[in-house]
Amino acid sequence: MTINTKITMAAAAVFLGFIGIALTFSPNEAAAMAGLQINQVWQVVLQVLGGLYFSFAIINWMAKGAAIGGIYNKPILMGNLSHFVITAITLVKLTLNNHELHYSVYLLTGIYAVFAILFGMMLFRSPV
């Protein structure tokens with residue numbers, strides 16, 4: 001099975017960019033969707049997190065046309081792989097231990113798991 005790295009990187013960029021923009025400009029609404037009550041400190045933390053997500057999206061978008069996989073662009077690949085694997089594992093643990101979550105958490109878990117698998121496959125394959 002071959003992986004189109006350009007599509008994977010563009011999809012990851014759009015996904016991360018959407019989360020980044022939502023957290024940066026609407027931290028209170030994002031927290032409310034997750035069922036959380038936040039104070040000013042957590043609002044700033046979510047906005048900073050949104051900035052990190054958006055920055056990661058920009059890196060992915062700018063690297064989407066480059067050869068990625070195997071030994072090519074390994075720092076970008078490893079950054080994506082570690083982000084998606086760690087977050088997917090954390091979300092899977094959350095969903096297994098709490099069965100009364102909003103459906104969006106399950107959707108987010110699935111998306112993260114798919115990206116984790118794709119970036120894992122990219123690590124061990126030559127770029128296409």
Side-chain angles (χ1 to χ4, degrees):
M1 180 177 151
T2 60
I3 300 170
N4 188 324
T5 58
K6 185 173 184 171
I7 292 172
T8 303
M9 293 299 288
V14 170
F15 175 68
L16 295 172
F18 177 75
I19 293 172
I21 289 170
L23 290 176
T24 300
F25 296 109
S26 303
N28 294 330
E29 290 80 2
M33 282 181 61
L36 302 173
Q37 299 270 339
I38 62 171
N39 58 24
Q40 280 187 323
V41 173
W42 283 108
Q43 180 181 1
V44 170
V45 169
L46 288 177
Q47 287 177 315
V48 170
L49 184 62
L52 290 169
Y53 266 84
F54 190 75
S55 299
F56 212 176
I58 294 296
I59 290 170
N60 284 346
W61 187 260
M62 293 184 74
K64 74 181 184 305
I68 298 174
I71 62 170
Y72 301 102
N73 283 311
K74 198 160 220 153
I76 293 172
L77 178 59
M78 293 305 294
N80 278 292
L81 180 64
S82 62
H83 170 74
F84 283 107
V85 167
I86 291 167
T87 306
I89 290 170
T90 304
L91 287 171
V92 166
K93 283 176 37 179
L94 175 69
T95 57
L96 290 176
N97 293 327
N98 189 346
H99 300 290
E100 297 177 4
L101 297 169
H102 193 265
Y103 75 91
S104 61
V105 176
Y106 295 103
L107 178 64
L108 196 63
T109 303
I111 293 170
Y112 265 96
V114 167
F115 276 122
I117 291 166
L118 288 173
F119 282 109
M121 292 172 67
M122 286 169 63
L123 179 64
F124 296 107
R125 295 211 161 114
S126 296
V128 175

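Under the side-chain contact (heavy atoms from CB on, under 4.5 Å) criterion, Thr95 pairs with Leu101, Val105, Tyr106, Thr109, not counting sequence neighbours. Ala30 is linked by a side-chain contact (heavy atoms from CB on, under 4.5 Å) to Leu23, counting only residues two or more places apart in sequence or in another chain. With sequence neighbours left out, the side-chain hydrogen bond (donor to acceptor under 3.5 Å, both in side chains) criterion links Tyr53 to Tyr112. By the side-chain contact (heavy atoms from CB on, under 4.5 Å) test, Ala67 pairs with Tyr72, Pro127, sequence neighbours left out. Partners of Ala13 by side-chain contact (heavy atoms from CB on, under 4.5 Å), not counting sequence neighbours, listed by chain and number: Asn60, Trp61.
Note on Val14 and Ile7: separate hydrophobic clusters, where clusters join Ile, Leu, Val, Met, Phe, Trp and Tyr whose side-chain heavy atoms are under 4.5 Å apart, directly or indirectly. Hydrophobic clustering of Ile, Leu, Val, Met, Phe, Trp and Tyr side chains at less than 4.5 Å, counting indirect connections, unites Ile19 with Leu107. Under the 4.5 Å side-chain contact rule for hydrophobic residues, Ile117 and Phe115 share a cluster.
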Pairs of donor and acceptor atoms involving the side chains of residues 84-92, under 3.5 Å and at least two apart or interchain, shall be tabulated with distances.
from	atom 1	to	atom 2	distance (Å)
Thr87	OG1	His83	O	2.8
Thr90	OG1	Ile86	O	2.8

Side-chain donor-acceptor pairs under 3.5 Å in residues 31-50, sequence neighbours left out?
from	atom 1	to	atom 2	distance (Å)
Asn39	OD1	Val41	N	3.1
Asn39	OD1	Trp42	N	3.0
Gln47	NE2	Thr24	O	3.2

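Note that the CE atom of Met122 and the CE atom of Met9 stand 6.0 Å from one another [nearest 0.5 Å]. If you take CD1 on Ile59 and CG on Asn80, they are separated by 8.5 Å, rounding to the nearest 0.5 Å. Taking CG from Leu77 and CZ from Phe124, the interatomic distance works out to 9.5 Å, rounded to the nearest 0.5 Å. In this structure, Leu118 CG and Asn4 CG are separated by 10.5 Å, a value rounded to the nearest 0.5 Å.
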Give the C-alpha distance, both sets of side-chain angles, the deciding distance and a yes or no for side chain to side chain contact (heavy atoms under 4.5 Å, CB included) between Leu108 and Phe15.
CA-CA 10 Å; Leu108 196 63; Phe15 175 68; 3.6 Å; yes
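The side-chain heavy atoms of Ile68 and Lys6, taken from C-beta on, include no pair separated by under 4.5 Å. Residues Thr5 and Lys64 fail the side-chain proximity criterion, which asks for heavy atoms closer than 4.5 Å.
Other members of the cluster containing Ile21 are Phe25, Phe54, Ile58, Met62, with ILVMFWY side chains joined at under 4.5 Å, either directly or via other members.
A donor-acceptor contact shorter than 3.5 Å is absent between the side chain of Asn98 and the backbone of Leu94.
Shortest non-hydrogen contact noted between Ala57 and Gly17 is CB-N, 3.3 Å. Across every non-hydrogen atom of Leu81 and Leu123, the tightest pair is CD2-CD2, 3.8 Å.
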